[in-house]
> 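The structure under discussion is supplied below as structure tokens; questions concerning it will follow.
In this text, all values refer to a predicted model and were calculated from it rather than measured experimentally.
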Amino acid sequence: RNPFALPSEYAQVLAERRAAVRDLQALVHDSELDATGKEEVESAMRAYFADWLVTSGNLRQVLDLVNLDREAAAAAGAAGASAG
């Protein structure tokens, strides 16, 4: 839980996006698609998301976060190894 209050505009947009995701999940879940059709929808969504990451420039930010996480895990592992 975040101890800092979100700006109201940000909170509103976040709530709208969460609602859109829930609506999309419900749409796919309640659809008449068989398992293969649902896999195709999932594959298409992953492809569109990957394309968006590249075209929006957000891929770099995600990769930076992954690298920071790896560095933190490596540092924690090294600290644990030297303590034990």
Side-chain angles (χ1 to χ4, degrees):
R1 188 136 230 216
N2 189 347
F4 303 103
L6 293 174
S8 61
E9 297 86 5
Y10 182 88
Q12 178 63 34
V13 170
L14 182 60
E16 290 169 3
R17 290 186 181 179
R18 284 182 175 166
V21 168
R22 281 193 303 273
D23 291 347
L24 182 59
Q25 288 172 330
L27 182 66
V28 171
H29 181 267
D30 297 341
S31 71
E32 299 290 325
L33 295 173
D34 60 6
T36 302
K38 288 183 180 183
E39 288 173 7
E40 289 174 0
V41 169
E42 180 181 351
S43 178
M45 290 177 68
R46 286 179 187 271
Y48 281 114
F49 179 67
D51 183 55
W52 173 82
L53 279 175
V54 173
T55 58
S56 67
N58 289 322
L59 179 60
R60 184 71 181 137
Q61 293 173 345
V62 171
L63 293 175
D64 288 345
L65 289 172
V66 168
N67 287 331
L68 285 172
D69 188 53
R70 287 182 181 160
E71 290 171 6
S82 64

> Would you compute the distance between atom CG of L59 and atom CG of D64 and round it to the nearest 0.5 angstrom?
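Going from the CG atom of L59 to the CG atom of D64 covers 9.5 Å.
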> Atom OG1 in T55, atom OH in Y48: separation rounded to 0.5 Å?
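So the gap between those two atoms works out to 12.0 Å.
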> Has the side chain of S43 got a donor or acceptor atom that lies under 3.5 Å from a matching backbone atom of E40?
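Checking the backbone N and O of E40 against the side chain of S43, no donor-acceptor pair under 3.5 Å is found.
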> Of the non-hydrogen atoms in N58 and S56, which two are nearest, and what is the gap between them?
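Where N58 meets S56 most closely, the heavy atoms are ND2-OG, 3.0 Å.
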> Using side-chain contact (heavy atoms from CB on, under 4.5 Å), reason through Q61 and L65 one step at a time and then give a plain yes or no.
CA-CA 6 Å; Q61 293 173 345; L65 289 172; 5.6 Å; no
> Tell me which one of M45, E39, K38 satisfies side-chain contact (heavy atoms from CB on, under 4.5 Å) with V41.
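The option that passes is M45.
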> Would E42 and R46 pass as an ion pair if we require N to O under 4.0 Å?
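Looking at R46 together with E42, the answer is yes, because their closest N to O distance falls below 4.0 Å.
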> Got a second to check how far L68's CG is from L63's CG, nearest 0.5 Å?
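The CG atom of L68 sits 11.0 Å away from the CG atom of L63.
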> Please determine whether residues V13 and V21 belong to a single hydrophobic cluster, defined as Ile, Leu, Val, Met, Phe, Trp and Tyr linked transitively by side-chain heavy-atom distances below 4.5 Å.
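No, no single cluster joins them.
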